[in-house]
Amino acid sequence: MATERTLSIIKPDATRRNLTGKINAKFEEAGLRIIAQKRIKLTMEQAGKFYEVHKDRPFYGELCEFMASEPVVVQVLEGEGAIAKNREVMGATNPADAAAGTIRAEFAESVGENSVHGSDAPETAAQEIAYFFSGLELVG
Ligand code: IDP
């Protein structure tokens with residue numbers, strides 16, 4: 001399997017509860033390397049653009065407000081099959097459906113406030129990484 005890069009976001013519900021280190025440990029234990037990371041506070045406009053693909057979904061407004069409510073940690077994870085591996089470590093969108101031991105099973109508060117985001121395909125990973133990071137910030 002090829003080495004890939006994926007965009008991860010530790011969401012406001014998790015930064016608020018000081019869970020960044022525990023979540024990063026899950027990534028590292030799974031063989032994912034954090035090759036870039038920064039803590040930022042998104043504006044509503046930045047959150048809205050990032051989640052534009054969901055703009056017609058009923059939860060779009062709520063999602064953008066949540067993502068802009070408190071700081072997030074944006075990061076790039078690298079590893080063998082990193083996109084799928086990260087999705088596996090994250091667990092299902094709804095924590096009630098997430099497998100035991102996954103980040104969302106252990107930490108997520110609800111389907112909306114679910115602690116982490118992870119890119120879902122190579123094309124979206126490339127777009128999402130470029131949204132937050134310049135090439136110079138990626139140190140593999
Ligand atoms: P994913 O984050 O597991 O890829 P998506 O379906 O792409 O899930 O949804 C993006 C984000 O939108 C979710 O992580 C969650 O924060 C939010 N979301 C998804 N479904 C709902 C919902 O039914 N109510 C509220 N928020 C939702």
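Values below: all heavy atoms of this structure, side chains included; hydrogens, waters and symmetry mates excluded. Just so you know, ligand 1 is whichever comes first in the structure, and atom 1 is the first atom listed for that ligand. Keep in mind the model is a prediction, meaning the values are calculated, not measured.
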Review point. Is ligand 1 less than 4.0 angstrom away from at least one heavy atom of Asp120?
Key: no

Which residue and atom name correspond to the protein heavy atom nearest [atom], and how close is it?
{"atom": "atom 15 (C) of ligand 1", "value": "Val111 O, 3.2 Å"}
{"atom": "atom 9 (O) of ligand 1", "value": "His54 NE2, 3.6 Å"}
{"atom": "atom 1 (P) of ligand 1", "value": "Thr93 OG1, 3.6 Å"}
{"atom": "atom 26 (N) of ligand 1", "value": "Gly112 CA, 3.4 Å"}

Exercise for review: Determine, considering heavy atoms only, which of Glu113, Arg104, Arg87, Lys11 sits nearest to atom 4 (O) of ligand 1.
Suggested key: Arg87

Check your understanding: Just going by heavy-atom distances, which of Phe59, Phe66, Tyr60 is nearest to atom 23 (O) of ligand 1?
Key -> Phe59

Review point. Looking at Arg16, Lys11, Arg17, which one forms a salt bridge (Lys or Arg N to Asp or Glu O under 4.0 Å) with Asp13?
Key: Arg17

Check your understanding: Same cluster or not: are Val73 and Val116 linked, directly or through other Ile, Leu, Val, Met, Phe, Trp or Tyr residues, by side-chain heavy atoms under 4.5 angstrom apart?
Key -> yes

Review point. Any chain of hydrophobic side-chain contacts (each under 4.5 Å) joining Phe132 to Phe27?
Key: no

Quick one: side chains of residues 92-100, donor-acceptor pairs under 3.5 Å with protein atoms, not counting sequence neighbours, listed by atom name and distance.
unit_1 : atom_1 : unit_2 : atom_2 : d
Asn94  : OD1    : Ala96  : N      : 3.0

Exercise for review: Output the list of atoms in ligand 1 that are nearer than 4.0 Å to some heavy atom of Asn114, sorted by atom number.
Suggested key: 13 (C), 14 (O), 15 (C), 16 (O)

Check your understanding: Just which atoms of ligand 1 are under 4.0 Å from any heavy atom in Leu63?
Key -> 12 (O), 16 (O), 17 (C)

Study note, to complete from the structure: Residues at least two apart in sequence or cross-chain that pass side-chain hydrogen bond (donor to acceptor under 3.5 Å, both in side chains) with Glu52, listed by chain then number, are none

Exercise for review: Report, as yes or no, whether the 6.0 Å neighbourhood of atom NZ on Lys22 holds more than 12 heavy atoms from other residues, nucleotides or ligands.
Suggested key: no

Check your understanding: Out of curiosity, Lys85 NZ to Glu80 CD, how far, rounded to the nearest 0.5 Å?
Key -> 7.0 Å

